[in-house]
Protein chains: 2
Amino acid sequence: MTDSGAEIPARRGTRTKPALTRQAIVGAALDLVDRAGVDAVTMRSVADRLGTGPASIYRHVTGKDELLELVLDRVLAEVAVPPPHPEDWRGPLIALAREVRRVLLAHNDIAAVAMSGPPVGGNPARIAEALLAILRTAGFPDQVCAWAVDRLSLYVTADALDTARQRVMGHDGPAAAQRRWAQVAQYYRDLPADRFPHTVALRDALFADGPVDRFTLGLELFLDGLAARRNG
Amino acid sequence: MTDSGAEIPARRGTRTKPALTRQAIVGAALDLVDRAGVDAVTMRSVADRLGTGPASIYRHVTGKDELLELVLDRVLAEVAVPPPHPEDWRGPLIALAREVRRVLLAHNDIAAVAMSGPPVGGNPARIAEALLAILRTAGFPDQVCAWAVDRLSLYVTADALDTARQRVMGHDGPAAAQRRWAQVAQYYRDLPADRFPHTVALRDALFADGPVDRFTLGLELFLDGLAARRNG
DNA sequence: CCAGCTTGCGAACATCGTTCGCCTTATGCG
DNA sequence: CGCATAAGGCGAACGATGTTCGCAAGCTGG
């Protein structure tokens, strides 16, 4: 639905301009996301990048919301889904979760769009179908499959957003983001030891990255719990 | 830090106006959040509610970001933290997670603020300390405690935001939210059965709420996985 | 009683999403 | 081939937003 229909731009003579199609508009918006984050996507900035004005965009897209949803759908098209495996469900599940996270993080804080509304479009459905395939092939009960897809999607999206925010953080460069995060870490380090004994005791562990990253750890907690609900 | 210092409004005669203090400003903003969501919080709307103009607010708050962080901190002050228990860590952990979620959801989509930046303020630290206390008293390794707090906070916040969005959704009333969500459900129901066999097969389970809600299920998956990492 | 600092606030600026109305251009039809 | 009709492009503007400026009013300390 929506996107990939044949959409001939009805080319006018030989213009240097890259026409003005949904594809081109979405591509320009995606470029802006990659370069400066979702907040940098403005009707005007997208229009500028296409050498036109803001009003022209509304001939191809109903508004900014739809535009961002189209951008997200295009991003999720990059996700390669692994096939289900009847004997090993953890492998494909971890692979898919990491793949979705990788793709989202490859496009800055695009995860913010995924968190701002329900998943719509062909590619979210495609990914959900792949998750369900892995779980159902492994023999999980239907209700567990349904809930697992829901919780897993939420966790992956939330982590991607959280991780991305520590990189871009608002409207200034990634340098300011790191500075601000170090500042937060310092705040927790300087808490009074009498009222926050455990926090102070763990001040090193709290901000350390171990042999396995936080995302994978949380994911495996999830999967361990899931394993206990197989065929139950 | 920041908030609860003695801040005498230097009362001028007997004005009917509620002075104009940080407390009053945060209170007005919180009222707006409760009534119409975070997006309804505008420098102008907050000022109107206090019978003044937008510029006045900047004498007590550096900007909108800080204002929303103060609102979040005041909301989190409502969270009652349970004491740790050396024999039962699951009980207090589930109680605290549900309490945080309850408080966040009691204030509309305030969770959006929590997701838009790192946790700052006295109350996030207080809650983190309580989580650490529960886990450390139960004898978990330090690194596991640190990661668990991080993942648990992320999960609770993300779920609260997700749940709230299904209620308020954007700028119109909750009626439009329910309508839009039903529309999404219909989209998944109408997917072609040949390319989305599992999704179609589970169409009822995907949107059904069972004896236990989605949040608690995900939480228990987490805790099951955590149990396996005790003293390991 | 006055100097100086805090606080309140009217006005304005830049930027945003979106709409209106007019013009150009391509297309279908005779 | 010529023309009417519809679709696409775009300048200008509207309303709303976050934030800043500069001045006035008030309190405070001497």
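Order of the sequence lines sets the chain letters (A, B, ...), proteins ahead of strands, with each chain counted from 1. Heavy-atom basis, side chains included; hydrogens, waters and symmetry copies ignored.
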Phosphate-side-chain proximity, B:His60 and C:dG8, N/O vs OP1/OP2 below 4.0 Å: yes
Considering residues at least two apart in sequence or located in another chain, which fulfil the side chain to side chain donor-acceptor pair (under 3.5 Å) criterion with B:Asp48? none
Tell me the interatomic distance from A:Leu50, atom CG, to D:dC10, atom C1', rounded to whole angstroms. 13 Å
Can you tell me which residue pairs pass the salt bridge (Lys or Arg N to Asp or Glu O under 4.0 Å) test with a partner in residues 57-69 of chain A, sequence neighbours excluded? A:Arg22-A:Glu66, A:Glu69-B:Arg180
Sequence neighbours excluded, which residues qualify as side chain to side chain contact (heavy atoms under 4.5 Å, CB included) partners of A:Asp34? A:Leu30, A:His107
Over 60° means perpendicular and under 30° means parallel, so classify the ring planes of A:Tyr155 and A:Phe222, tilted if in between. tilted
All N/O pairs under 3.5 Å across the protein-nucleotides 22-24 of chain D interface:
{"unit_1": "D:dG22", "atom_1": "O6", "unit_2": "B:Arg59", "atom_2": "NH2", "d": "3.2"}

Assign a letter to each nucleotide of nucleotides 12-20 of chain D from its 5' end: B, base within under 4.0 Å of a protein heavy atom; S, sugar-phosphate only; -, no contact. -B---BBBB
Contacts of type side chain to side chain donor-acceptor pair (under 3.5 Å), residue A:Thr42, not counting sequence neighbours: none
Set of residues satisfying side chain to side chain contact (heavy atoms under 4.5 Å, CB included) with respect to B:Ala146, sequence neighbours excluded: A:Ala205, A:Leu206, B:Gln143
Who passes side chain to side chain donor-acceptor pair (under 3.5 Å) against A:Arg195, sequence neighbours left out? none
According to a strict under-4.0 Å criterion, is B:Thr52 in side-chain N/O contact with OP1 or OP2 of C:dG8? no
A:Leu20 has an atom CG; how far is it from atom C1' of C:dT25, in whole Å? 14 Å
Between A:Ile57 (CD1) and D:dC10 (P), how many Å, whole number? 11 Å
For A:Arg126, all residues meeting side chain to side chain contact (heavy atoms under 4.5 Å, CB included), sequence neighbours excluded: A:Val79, A:Val81, A:Asn123
Short side-chain N/O contact from B:Ser56 to OP1 or OP2 of C:dG8, under 4.0 Å: no
Whole angstrom is fine here: how far is it from CZ in A:Arg22 over to P in D:dG8? 12 Å
